[in-house]
Amino acid sequence: MLDIRSIREDSESCQQRLKARGGDAWKLITEVLECDEQRRSGETEKQVLQQDRNRLSKEIGKMRSQGEDSAEVEAQVRGIGEQIKVIGEKTEKADSRQRELLLQIPNLPHEDCPEGADETANPEIRTWGEKATFEDFEAKDHLTLGGQLNLFDFELGAKISSSGFVVYTGAGARLQRALIQFLLDLHTREHGYKEVNPPVVVNRECMFGTGQLPKFEDDMYGIEDNAHFLIPTAEVPVTNLFRDTIQNGDDFPIKVTAATHCFRREAGAAGRENRGLIRMHQFDKVELVNVVHPDQSLAQLEVLTNEAEKVLQTLGLHYRIIELCTGDVGFSSTKTYDIEVWAPGQNEYLEVSSCSSFGDYQARRMKLRFKDENGKNRLCHTLNGSGTALPRLYVALLETYQQADGTIRLPEVLHPYFGAAEIG
RNA sequence: GGAGAGGUGGCAGAGUGGUCGAAUGCAGUAGUCUUGAAAACUACCGUGCCGCAAGGUACCGUGGGUUCGAAUCCCACCCUCUCCGCCA
């Protein structure tokens with residue numbers, strides 16, 4: 001949620017930043033300001049009346065205790081009560097409309113977020129490693145490899161659930177488990193994360209807190225008449241762990257990681273570009289969440305991105321970092337780096353991590369604050385990034401480390417986790 | 001799922017219609033005392049909104065209602081705990 005005060009103070013530049021995203025959200029600002037005006041004048045008016053009512057009510061109490069007749073004053077207060085009700089309803093209406101609008105307005109892209117209309121304008125920031133080459137054979141894709149090695153079964157997934165779900169089998173399931181363990185160990189041992197294992201079913205409040213609601217209800221699996229949802233990412237439960245709290249500034253940066261299943265309807269995404277494991281309705285992901293001091297967030301985004309990159313470096317997988325331009329940054333995000341791993345069998349880069357700073361946007365929605373040096377409550381900044389998503393990491397791993405005979409030679413760090421050096 | 005109890009400030013715990021935003025204790029902050037610390041004592045010590053400020057106003061699980069006035073009464077919902085049932 002944007003700060004109504006800063007909208008009030010400089011609606012012009014606020015609209016400019018929203019326009020940089022594309023879309024129509026900037027048009028809502030005018031109505032927000034109207035509501036704000038009504039809300040504040042109504043509130044002031046109401047308070048004056050409440051003040052009168054409180055004063056007179058106390059007098060009634062006094063009069064009665066002294067045995068005086070208070071009927072006249074009572075009638076007067078009754079009249080004030082009516083007025084309060086009328087003005088209160090009007091104010092309440094403006095207030096809830098204002099809130100409704102604010103919840104629909106995305107975050108402002110950061111000043112140093114590159115301008116651009118869509119993903120084609122996303123600049124490449126850096127790359128690491130080299131594309132894997134295969135001298136004496138043609139690289140197969142993960143579907144072929146996984147099929148030969150019986151690592152996963154899409155038909156079984158469809159049979160017991162529906163398309164978009166997969167059953168990992170045998171060594172394939174074990175590899176998945178090994179990867180999760182490896183990732184959690186990396187982040188907890190080397191990057192100082194605290195591990196949690198949260199629910200994957202959360203209430204609506206959480207979804208408002210991180211920004212999935214109200215705009216993206218259709219992207220999620222709802223249960224019990226959408227009173228609860230399956231999480232699309234661990235960002236939701238983990239960040240909301242801190243909802244409505246006042247943190248101690250000395251604890252910054254707060255770093256929490258979680259491996260969870262993630263569920264996405266991916267409505268309208270079915271199609272050729274998403275064959276195999278690349279876009280699933282259910283997948284595993286290790287998420288990194290940071291809660292930081294406002295002054296730290298930009299620097300911390302670099303740290304967080306480095307931590308996610310470390311995964312690929314450790315596994316020896318070639319990747320590139322893309323920065324999302326103003327037209328492509330996510331709804332709640334103010335600045336985002338995507339990490340894309342090279343998948344030789346696909347002959348393309350796959351997004352395995354999206355590292356974002358949300359500024360105070362999520363914190364304001366979920367009332368996540370800290371006490372600053374002067375004892376004042378201020379909003380924290382939140383960040384998160386995947387560290388990393390599993391299926392695409394899995395794809396890159398199989399396709400990068402395939403051998404001529406279709407077996408997979410695993411990078412050394414995974415040997416103890418997987419319990420073998422090769423699959424096949 | 002059934003029966004009962006309960007949800008008040010960081011915690012504990014008073015408060016059953018009127019100076020209650022809320023006693024008291026603990027914790028915390030500042031100070032006095034002390035060579036230092038502890039103890040003792042003194043003061044401060046929830047959150048939001050409106051306002052330049054003074055100040056005002058709202059919040060006692062959530063939402064409604066009754067009343068001149070609600071933490072206190074009524075209704076609904078949510079949550080927690082205990083016992084029983086069921087169960088990985």
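Predicted model only: the values in this text are computed from it and were never measured. Below, chain A is the first sequence line, B the second, and so on; all start at residue 1.
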Counting side-chain heavy atoms from CB outward, which of B/rA58, B/rC68, B/rC49 is closest to A/Arg39? B/rC49

Using the P atom as the reference point in each nucleotide, state the distance between B/rA53 and B/rG48 in Å, no decimals. 15 Å

From the set B/rC68, B/rC49, B/rG51, return the single nucleotide nearest to any side-chain atom of A/Gln47. B/rC49

Please check: side-chain N/O of A/Arg364 versus main-chain N/O of A/Met1, any donor-acceptor pairing under 3.5 Å? yes

Measuring only the C1' atom in each nucleotide, how far is B/rG63 from B/rC78? A whole number of Å is fine. 10 Å

How far does the C1' atom of B/rG10 sit from the matching atom of B/rG46, given to the nearest Å? 9 Å

Specify the separation, in whole Å, of atom CD of A/Glu205 and atom P of B/rC77. 19 Å

May I ask you to check whether over 12 heavy atoms, not counting those of A/Gln313, lie within 6.0 Å of atom CD? yes

If you pin A/Thr44 and A/Arg78 to their nearest nucleotides in RNA chain B, which one's is more 5'? A/Thr44

Rounded to the Å, how far apart are A/Gln83 CD and B/rC68 P? 16 Å

Mark yes or no for whether A/Thr382, through its side chain, and A/Gln362, through its backbone, hold a donor-acceptor pair below 3.5 Å. no

dist A/Asn377:CG -> A/Lys371:NZ (nearest 0.5 Å) comes out at 3.5 Å

In whole Å, what separates the P atom of B/rC45 from that of B/rU29? 16 Å

How far does the C1' atom of B/rG56 sit from the matching atom of B/rA3, given to the nearest Å? 48 Å

With no hydrogens and no angle check, is any side-chain donor or acceptor of A/Asn240 less than 3.5 Å from a backbone partner on A/Arg243? no

Could you state the CZ-P distance from A/Arg40 to B/rG48, rounded to the nearest angstrom? 19 Å

Please report the distance, rounded to the nearest Å, between NZ in A/Lys85 and P in B/rG69. 11 Å

Round to the nearest Å and state the distance from A/Ile60 atom CD1 to B/rC68 atom P. 9 Å

Given A/Cys380 and A/Asp360, is the side chain to side chain contact (heavy atoms under 4.5 Å, CB included) satisfied, shown in steps? CA-CA 6 Å; A/Cys380 303; A/Asp360 61 15; over 6 Å; no

Which nucleotide wins on minimum distance to the side chain of A/Arg8, given the candidates B/rU47, B/rG69, B/rG51? B/rG51

How close or far is atom P of B/rG51 from atom CD1 of A/Ile4, stated in whole angstroms? 11 Å

With rounding to the closest Å, how many angstrom separate the P atoms on B/rG9 and B/rG17? 22 Å

What's the gap between B/rU80 and B/rU62 when it is taken at their P atoms, as a whole Å value? 16 Å

Value in whole Å for how far the P atom of B/rU47 lies from CZ of A/Arg364: 18 Å

Of A/Lys62 and A/Arg369, whose nearest nucleotide on RNA chain B comes first from the 5' end? A/Lys62

Looking at B/rG69, does its base get a donor-acceptor pair with the side chain of A/Arg53 below 3.5 Å? no

Taking atom P of B/rC68 as reference, at what distance in whole Å does atom CD of A/Glu59 sit? 17 Å

Can you tell me how far P in B/rG13 sits from the matching atom in B/rG7, rounded to whole Å? 10 Å

Candidates B/rC49, B/rU57, B/rG69 - which lies nearest the side chain of A/Gln50: B/rU57

Taking the side chain of A/Gln51 as its heavy atoms from C-beta onward, which of B/rA58, B/rG56, B/rG18 lies nearest to it? B/rG56

